[in-house]
There are 2 protein chains.
Amino acid sequence: MTTIKDVAQHAGVSTATVSRVLNGHAAPTEETRTRVLAAVEELGYRPNALARSLRTTSTTTLGLVISDLVNPFFAEIARAVEEEARAHGFCVIVANADESAEQQATYVRNLLDRRVDGLLVCPATDDPTWIAEVEDKHIPLVLLDRTVAGATCPVVRADGAQALADLAAALTAAGHRRVGVIAGPADTSTGRERLEQFARGGLELEVVHGDFRRDSGVRAAAALLDLPDRPTALVAMDNLMGLGALEELRRRNLKVPADVGLAVYDDQPWFPLLDPPITVVAQPTVEMGRAAARSLLALIAGEQPDDVRLTARLVVRGSCGEATGAA
Amino acid sequence: MTTIKDVAQHAGVSTATVSRVLNGHAAPTEETRTRVLAAVEELGYRPNALARSLRTTSTTTLGLVISDLVNPFFAEIARAVEEEARAHGFCVIVANADESAEQQATYVRNLLDRRVDGLLVCPATDDPTWIAEVEDKHIPLVLLDRTVAGATCPVVRADGAQALADLAAALTAAGHRRVGVIAGPADTSTGRERLEQFARGGLELEVVHGDFRRDSGVRAAAALLDLPDRPTALVAMDNLMGLGALEELRRRNLKVPADVGLAVYDDQPWFPLLDPPITVVAQPTVEMGRAAARSLLALIAGEQPDDVRLTARLVVRGSCGEATGAA
DNA sequence: CTTAGCCCTGTAATCGTTACCACGTGACCG
DNA sequence: CGGTCACGTGGTAACGATTACAGGGCTAAG
C-alpha cells in the first residue's frame with residue numbers, strides 16, 4: 001500500500017508538502033503542486049482515512065442506527081439521510097438494531113469507537129442509559145422518529161395527531177364504533193403516542209400491542225378477530241404490522257371493508273394496489289431523513305437546531321368503508 | 001476522551017500492559033489484570049478503533065456496496081450480510097450506490113480508504129474498471145447478485161434458469177404466445193441473463209429495458225401495452241419494475257389476468273395479497289446474503305471459496321391465468 | 001549593499017495503539 | 001549455590017497522516 005512517504009519521495013519533496021497540496025493548505029508553488037499531483041496519480045496514492053482521522057479527530061462520517069433495516073419505512077429514511085449527508089461531504093455508516101435495545105447499545109458503542117462525528121438514532125426502546133454514554137463523549141446526537149424520556153438532544157419526528165383524529169372521524173363516519181388497534185410496543189414513544197392520539201377520537205378501542213414487525217401483526221390481528229364481540233375495523237400502527245394483519249385477514253377469508261375495515265399507519269407504494277386500496281396515515285419519510293441529517297450537521301457545526309415535527313396526513317382510500325350519511 | 005495512557009497511569013502500569021490485558025495477549029498476572037480492568041471500568045475507557053486499526057492494519061469491518069437500498073430485495077440482502085458478519089465479530093458499512101456506476105466507484109474508493117478488511121459489491125453495471133483498483137490493493141472482494149465480465153473474484157448469485165423455463169412453460173400452458181418483457185438494463189449481468197434464459201422458453205417476446213426501478217417499470221409497461229399487437233402477458237424482471245407495471249395496469253383499468261397476465265422476478269411479501277396473487281420467481285435472498293458474507297470471510301481468512309449459485313424457483317399464484325387443457 | 005519581510009519548504013512532534021525487545025525477578029535444576 | 005529459563009512487565013518504535021515551527025531563498029526597500 002503506497003503511503004504519503006512514497007509520494008513525497010517520488011516527487012522529491014517532503015511529506016508535509018504532499019499533505020499541503022492534497023489539502024489545499026498554505027499554497028505551494030504551481031510547479032511543486034503539479035509534480036506532487038503527478039506522483040499521486042502515478043502511484044495511485046489514496047490517503048489512509050484512519051491515519052488522517054486519528055490525527056485530525058474528524059472522520060466526516062455520521063453514524064445511523066436504524067431500528068429495522070427491512071422495514072421499508074426505515075430503509076427510506078436511511079436513504080434520505082445518506083443522500084443529505086453526501087450532499088454535505090459526509091459519509092454514513094448504517095447499523096441495524098433489529099428492534100433490539102441491546103444490539104442498539106452495542107452499535108452505538110461501536111460507532112463511538114470509530115469516532116463518528118455525529119450520531120443519528122431511531123431508538124429501539126425508551127431505555128435512556130446509552131444516551132449518557134454519548135453525551136459524556138460530547139458526540140452530537142439527534143433522535144429520529146422516536147424520542148426517549150429525558151433526552152436533551154434534538155428530535156426529528158412526524159406529528160400524527162391530526163391525521164389520527166381524522167382517521168377516527170373517518171372510521172366513525174363509515175359506521176365503525178368498536179375498533180381493534182394493533183399498537184406499537186408500549187416502551188416506544190411512537191407506540192404510545194399513536195395509540196393515545198387515536199384514542200382521543202372517541203371510538204371504543206380494543207388494543208393489542210405488537211412489536212412493529214410482521215409476525216406480531218399477524219398475531220395481534222388474530223387475537224382481535226377472535227374476540228367474542230369482534231371489532232368492525234382494525235388499525236395497524238405500522239406498515240409491517242399492517243402487512244401481517246392483511247395476511248391474517250386473507251387467511252380467514254375476511255373481506256375488506258365488507259367484513260372488517262382496515263387502516264394502517266405509514267404508507268407503502270403497494271397499498272393503493274390492493275383491492276380495496278388501503279387507507280393510511282402517510283408520513284413524510286424522506287423529509288424526516290433529510291431533516292434529521294440537517295439537524296445533526298448543524299449540531300456538528302456548533303449550532304443549536306430546534307426539534308423538528310413534520311405533519312403526517314390521512315389518505316383515505318376505501319379500506320375503511322364508505323361514509324354513510326345515515327350514521 | 002480517555003486514552004490508554006490514562007488507564008495505564010490510573011492502574012499504575014504501562015500502556016503496553018493495558019493493551020495486553022485488553023487483547024488477551026501474553027497472559028499478565030491475575031492481579032494486574034483485575035487492576036487494569038478496574039481502571040478501565042472506572043474511567044469508562046474505550047479503545048480508539050482508528051488508532052487500533054492503524055496499528056494492526058485490520059478493522060474487522062466489511063464494506064457492502066448495494067445497488068439500491070430502497071429495493072427490498074437489496075435491503076434484505078443487506079440485513080442478511082450484516083447478521084452473518086456480526087456472528088463472526090465483523091461489522092458492516094453499508095453504502096448505497098443508487099444504481100449509479102459513478103456513485104458505486106466513489107463508495108468503493110471511500111471504503112478502501114477506510115481500510116475495510118473486505119468488500120462485498122452488487123455491481124451497478126458491467127464496468128469493470130473499479131475492480132482493478134480493489135485487486136491492486138489486495139483487498140478481498142466478493143460480487144453479489146450480479147457479476148462483471150473478467151472478474152476473477154468469487155461470485156454469489158441466484159440461478160433462475162430453471163425457474164424462468166418453468167415460467168415460460170406456465171405462460172404457454174395458460175395460453176400465452178406473445179409476452180412483453182420488462183427487462184433489466186442490458187449492462188447488468190442479471191438484466192441480460194434473465195432475459196436470455198426466459199427467451200429460451202420459446203415464446204414470442206417484446207422486450208423493453210428498464211433500470212430496475214419503479215418508474216422504469218411504469219414506462220416499460222406503458223410502452224408494451226401501447227403496442228399495436230398487445231402482448232397477452234407481462235413479465236417484470238425485478239420487483240420494483242413489477243410494482244411499476246402493476247401501477248400502470250391499474251391506471252389503465254386492465255384486469256389481471258383476464259386482460260393481461262403478469263409475472264415478476266423476485267418475490268415480495270405483499271404479492272400474495274393482491275387479487276389475483278402474483279406469480280413470481282422467488283430468490284433465496286437471505287441465503288444469498290449469508291453465503292456472500294461467508295465467502296468474503298473465508299477469503300479474508302486466506303481460503304479460496306468457490307462461486308455460489310443458489311437456485312431460484314417459480315411460485316405460481318394465478319396472475320398468469322389458468323392452464324387450459326385446450327391449449 | 002544590507003536588511004527586513006514574505007513565501008515556500010522541510011523537520012519533527014503528535015494522534016492512540018500495538019509489536020518488539022530487553023530487563024528484572026523468581027523458580028528450578030544440576 | 002550458581003546458572004538458566006520462563007514469565008511478566010516496561011520502554012520505545014512504529015502505523016500514516018497533519019501541522020507548528022523554523023529555516024532558507026528571494027524580493028524590495030532604505
Side-chain angles (χ1 to χ4, degrees), chain A residues 1-37 39-40 43-61 109-117 137-139, chain B residues 1-37 39-40 43-61 109-117 137-139:
Chain A
M1 191 93 0
T2 86
T3 75
I4 198 171
K5 233 182 247 168
D6 302 324
V7 177
Q9 210 159 11
H10 201 267
V13 296
S14 75
T15 62
T17 302
V18 176
S19 172
R20 276 187 285 252
V21 169
L22 262 40
N23 295 293
H25 282 218
T29 313
E30 190 54 32
E31 199 249 322
T32 55
R33 220 180 75 83
T34 54
R35 202 142 45 97
V36 168
L37 290 179
V40 166
L43 299 176
Y45 167 71
R46 302 238 77 214
N48 183 325
L50 267 47
R52 189 208 289 266
S53 295
L54 176 60
R55 185 61 233 256
T56 60
T57 64
S58 146
T59 50
T60 52
T61 301
R109 233 170 270 133
N110 193 297
L111 291 169
L112 291 178
D113 289 353
R114 284 163 198 275
R115 297 301 191 267
V116 291
D117 290 342
K137 300 196 156 58
H138 305 106
I139 301 294
Chain B
M1 194 92 0
T2 84
T3 75
I4 199 172
K5 233 181 245 171
D6 303 324
V7 177
Q9 209 159 11
H10 201 266
V13 296
S14 74
T15 61
T17 301
V18 177
S19 172
R20 276 186 288 252
V21 170
L22 262 40
N23 296 291
H25 281 216
T29 314
E30 189 56 29
E31 198 248 323
T32 54
R33 221 180 74 84
T34 55
R35 203 144 42 98
V36 167
L37 290 179
V40 166
L43 299 176
Y45 167 72
R46 303 237 75 215
N48 184 324
L50 265 46
R52 191 206 289 266
S53 296
L54 176 60
R55 184 61 238 246
T56 60
T57 64
S58 145
T59 50
T60 52
T61 301
R109 233 169 269 134
N110 192 298
L111 291 168
L112 291 179
D113 289 352
R114 296 179 131 76
R115 298 300 191 267
V116 292
D117 290 343
K137 301 197 155 58
H138 304 105
I139 301 294

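The chains referred to below are lettered A, B, ... by the order of the sequence lines, with proteins before strands, and numbering in each begins at 1.
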For the [atom1] atom of [X] and the [atom2] atom of [Y], what is their distance to the nearest 0.5 Å?
{"X": "A:H25", "Y": "A:T17", "atom1": "NE2", "atom2": "OG1", "result": "13.5 Å"}
{"X": "A:R46", "Y": "A:T3", "atom1": "CZ", "atom2": "OG1", "result": "15.0 Å"}
{"X": "B:L50", "Y": "A:T56", "atom1": "CG", "atom2": "OG1", "result": "8.5 Å"}

Rounding to a whole Å, what distance do you find between [X]:[atom1] and [N]:[atom2]?
{"X": "A:R114", "N": "C:dT17", "atom1": "CZ", "atom2": "C1'", "result": "15 Å"}
{"X": "A:R115", "N": "C:dC15", "atom1": "CZ", "atom2": "C1'", "result": "11 Å"}
{"X": "B:N48", "N": "D:dA17", "atom1": "CG", "atom2": "P", "result": "17 Å"}
{"X": "A:R35", "N": "C:dC8", "atom1": "CZ", "atom2": "P", "result": "15 Å"}
{"X": "B:R55", "N": "C:dT17", "atom1": "CZ", "atom2": "C1'", "result": "8 Å"}
{"X": "A:N23", "N": "D:dG16", "atom1": "CG", "atom2": "C1'", "result": "13 Å"}
{"X": "B:R33", "N": "D:dG8", "atom1": "CZ", "atom2": "P", "result": "13 Å"}
{"X": "A:L50", "N": "D:dC15", "atom1": "CG", "atom2": "P", "result": "15 Å"}

Can you tell me which nucleotide in [options] comes closest to the side chain of [X]?
{"X": "B:S14", "options": "D:dT18, C:dT17, D:dG10", "result": "D:dG10"}
{"X": "B:T17", "options": "C:dG16, C:dT18, D:dT9", "result": "D:dT9"}
{"X": "A:T32", "options": "D:dT19, C:dT9, D:dG16", "result": "C:dT9"}
{"X": "B:Y45", "options": "D:dG16, C:dT17, D:dT9", "result": "C:dT17"}
{"X": "A:I4", "options": "D:dA17, C:dT17, C:dG10", "result": "D:dA17"}
{"X": "A:R20", "options": "D:dC21, D:dG10, D:dC15", "result": "D:dC21"}

Compare side-chain N and O positions of [X] against OP1 and OP2 of [N] and report whether any pair is under 4.0 Å apart.
{"X": "A:T3", "N": "D:dG16", "answer": "no"}
{"X": "B:S19", "N": "C:dA19", "answer": "no"}
{"X": "A:T29", "N": "C:dC7", "answer": "no"}
{"X": "A:H25", "N": "D:dT18", "answer": "no"}

*When you match A:A49 and B:A16 each to their closest nucleotide on DNA chain D, which lands nearer the 5' end?*
B:A16

*On DNA chain D, check which nucleotide each of A:R52 and B:T15 is closest to and give me the residue with the more 5' one.*
B:T15

*So what does B:R46 hit on the nucleic acid, given a heavy-atom distance under 4.0 Å: a base, only sugar-phosphate, or nothing?*
sugar-phosphate

_Donor-acceptor pair between A:R52 and A:N48 side chains, under 3.5 angstrom_ = no

*Which pair of non-hydrogen atoms, one from B:T2 and one from B:D6, has the smallest distance, and what is that distance?*
CA-OD2, 3.2 Å

*Which one of B:I139, B:L54, B:T57, B:T59 satisfies the side-chain contact (heavy atoms from CB on, under 4.5 Å) criterion with B:R115?*
B:T59

